[in-house]
Amino acid sequence: MGTNDNFKRLAMSENGFLFDPQTGHSYTVNEISMEILSCLKRGMDESGIIKHIMDNYDVTEDQIKRDYNSFIVKLKQYSLYEETDKELAKKFKK
Amino acid sequence: MAKKSYYAPTIERKVAGAPGKFATSVPSYQDNIDEIPIKALIENYGSPLFVFSEKSIRWKFKEAQRAFSLHYPNVKFGWSYKTNYLQAICATFHQEGAWAEVVSGMEYERARLLGIPGKKIIFNGPSKTKNDLLKAVSEEATINIDHLDELFLLEEISVELGKKPRVGVRVNMDTGIYPQWSRFGFNYENREAYRAVQRIVTGNKLELIGLHTHIGTFILEPNAYYIAAAKLLNLAGYIETDFGITLQFIDLGGGIASNNTLCEQYLPGDIASPNIEQYAEAIGKAFNESPFCRKNQPTLFLESGRALIDEAGYLVSSVIGKKTLVDGQKALILDAGVNILYTSNWYKHKFTPAQPITGTIENTVIYGPLCMNIDVMRHGIRFPDLKIGDAVIISPVGAYNVTQWMQFITYRPNVVLITVNGDVEIIREKETLKDILHKEKLPKHLNLS
Amino acid sequence: MTIPKELVIAVTGLNAGENPQPGVPVIRSLRKAGFTGKIIGLVYDSFESGIYAPDMADEVYEMPYPSEGADAIMARLEYIMTVHTKIDVLVPTLDSELLPYISLENKLKSYGIKMYLPTREQFMMRDKTELGKLNENFGILTPKVLLINDTAQAYKIPEKMTLPVMVKGRFYEAYKAHNTEEITKYFNSLRAKWGLPIIIQEFLAGEEYNVSAIGDGKGNIVCSIPIKKTVVTEKGKGFAAVVIKDATLDKFTKNIMKSLKWRGPLELEILKSNKDKQYYLLEINPRLPAWIGLAIGAGQNIPEILVKLALGEKITPLKKYTVGKIFVRHSEDIILDIATMGELTSIGELHDLRTKPVTKRKSKFMDNKGG
Ligand SMILES: Cc1ncc(COP(=O)(O)O)c(C=O)c1O
């Protein structure tokens, strides 16, 4: 399957503006999205990212998990993220 | 270190010419209605919840009364029951001095039950039955005749009771607005209305006391009322000269727009809708120009419904779910659906979060809880991200919803009134399974237990 | 006297591309009048090209759409005033903004923001759906108009008017339709954008003229420039025009001002009919036109006068202007870094635009992978 790192090429500005130099699309994101994208760029996995957000923000695990997943759904819709075979396999084993 | 406040992550693709972040308002929140916290309302009365403000009903009524009497003092309102016939609402209007305007036997009964005498009831509509009319005639209600068959029926009743029904003739006409309501009453332009009057006079079994029209609803053009009033007054003049009958009232019906926003409108209703003064001025102008008026000072009846009650009603609802649709749009699922917010068919209601907003503003579709594709409360609005359990206030919803709502898959919610003193009173209790089963009958052979 | 440089003037409508708005020439005119103070642009999206043009606004702020209502606009202005800058004069330049701003007039006045606008009644009188009444009430000739609310009515138009007809949206856009199919096509697209009713206007063949003028609210003209558009794009936008003089046209304009007692700026669209050689009023746009730059070329700085009137200055009516001045619209590409536009997109404002032109700004991406 494809790579999961299209988001890596996004240029991000401090105030939440993203530019994809390959497709020419641009996006706006909020602070939490910026945090998650930076984590993804650094190669962190879902549980690491969720912990990172919970350590820094006032949010329950339940809430962030839900929000994280719908955020990933959006990244996929914009073709900025795809799960690798390995990740998919891991998911379905559970 | 204290943790930072959290809101859900979002990402939106920017398209050339698409609205910027601020192009749509960051809606402010409203956490109370008449100083009663929304939170407390939900805790005590559940969600969804219809909330009416007695203060705004009374204020609006006084406003309207003042606006019209400024131009023409002999004005009287008849409360349009169909717009909202909860007893508490009707009683409030009656306390303010309104008569009752009813369009069915059931509404007539409601008005009588509240203690309104027949003499203060205006009976309209195309569906009056013989029984309804027998009662209305004997109690001396004002009956506005919709069609010829009703006229004949009334003549029959007149003979039967030995009592002359007090009637008006409902007139329809071209006032330049669209659609022209021509299915009720007798037409002005083709002289059908004049002939109906002629018929009444020759029959000599009815007491003709007025003319009535209701030109349509949510009329954004005050001048249409000027035309309507001028035409009725002109006809009244002819009735006086041709038949020697001096009419006592001119009834211009309802139809004045509330501050709601029609789906077809670009600017929001609070800017686009004329204010009540403009309607009053247009009608007043026709009355003050009319020689018939100068001579006889007939009563001006108004049957305004939505303009008087819409803004006094709110629907409080809570978020029960969120999802991202395949096109990337956000969706909120509320616990109130189109079955109790019938007016979402033609209005873009205002949706206001009931708690401070933290989340990002996104394109959002707002759904109700019905398992039906049509259950869309509001298409694509810019709306902040809310949490499950957060409340929103939908407004204005005071007109037509609590009469046209449907019971469907669950119970219709509590309706409360915040009184002038700041008390909260239930004016219609949430339904129970018992209420709904109450009228059902299970044939013996289908009894499973 | 020039406008004091301590004042801050806000101007809306900075698009100068395919769909030109008046904001850019308004700002240019104010600068040409010698105004060196702060001008802020109030915009709706980051693609309004005037934001990025050199020597335009000092700051720009994204605003809520007029459809969000007066409260939303007020809230945004309050933010701008408390956090960033005072505003002394506000010049709305778009049709759809006017009702909200008219409804805010008193409130803005209490904040020290002055405008020079028509009244709500005047604004309503010139609504495309009402224009025909000017004929009844004041004898101002207007083309016949039908309002339609559904496509069934569209099919009946040939019974009531000769084709072709003009199909118009309530706020913007107009198309010539030759048959009912075209009428319904435009009906549907206009309805989706601007709501109902759709205006069907009798098509009159003839010469079209435009007048930009300001009325003093008492029936007098403060200044006025008549033009003939010489290049009109497919969308009906004038891309070249010449200043003219025609005594009958002047009289027609005078009569309109006298009848309406118009206060504020307006643009008249007037047609001299081929058939009867009479002048017909096609439209009153309740604002300055996008070609207002030509007025200053002809010797009347109409935007400057508008600001002065807003400030309460007494203006002696201007009568003279130079006939034969023309404008030719010229568009140019502005090159800048996407991150600059991104800044506006994400925070809704841009600052120091005159002192630090966008064309010279460096990319602001945190990790410079965008290159
Ligand atoms: C006869 C009559 N009167 C009054 C009304 C109230 O109308 P509105 O709520 O538009 O004021 C109606 C509504 O249809 C009506 O039919």
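Reminder, nothing fancy here: chain letters follow the sequence lines and each chain counts from 1. The model shown is predicted, which means the values in this text are computed figures rather than measured ones.
- A distance of 4.5 Å separates CD of B/Glu221 from CD of C/Glu130, quoted to the nearest 0.5 Å.
- Between B/Leu267 and C/Ser96 the shortest heavy-atom distance is CD2-O, 3.8 Å.
- Within a 6.0 Å sphere centred on NE2 of B/His379, heavy atoms belonging to other residues, nucleotides or ligands number 12 at most.
- Applying the salt bridge (charged side-chain N to carboxylate O under 4.0 Å, His left out) rule to B/Lys348 yields no partners; only residues at least two apart in sequence or on another chain are considered.
- Considering only heavy atoms from C-beta on, B/Asn223 comes within 4.5 Å of C/Lys133 through its side chain.
- Of the atoms belonging to C/Ala70, heavy atoms from both backbone and side chain fall under 4.5 Å from chain B.
- Looking at residues two or more places apart in sequence or on another chain, you find a side-chain hydrogen bond (donor to acceptor under 3.5 Å, both in side chains) between B/Tyr188 and B/Asn234.
- No part of C/Glu48 comes within reach of chain B, as not one of its non-hydrogen atoms sits under 4.5 angstrom from that chain.
- Contact tally against chain B (heavy-atom pairs below 4.5 Å) for C/Met341, C/Arg120, C/Met124: the top residue is C/Arg120.
- More than 12 heavy atoms of other residues, nucleotides or ligands shown are found within 6.0 angstrom of CG on B/Asn190.
- The CG atom of B/Leu262 sits 9.0 Å away from the CG atom of C/Leu196 when rounded to the nearest 0.5 Å.
- More than 12 heavy atoms of other residues, nucleotides or ligands shown are found within 6.0 angstrom of CZ on B/Phe184.
- Looking at every heavy atom in both residues, C/Glu68 comes nearest to B/Pro268 through C-CG, 4.1 Å.
- To the nearest 0.5 Å, atom CG of residue C/Asp71 and atom NZ of residue B/Lys350 are 6.5 Å apart.
- For a residue to count as touching a neighbouring chain, one of its non-hydrogen atoms must lie under 4.5 Å from one of that chain's; by this rule C/Lys193 touches chain B with the backbone only.
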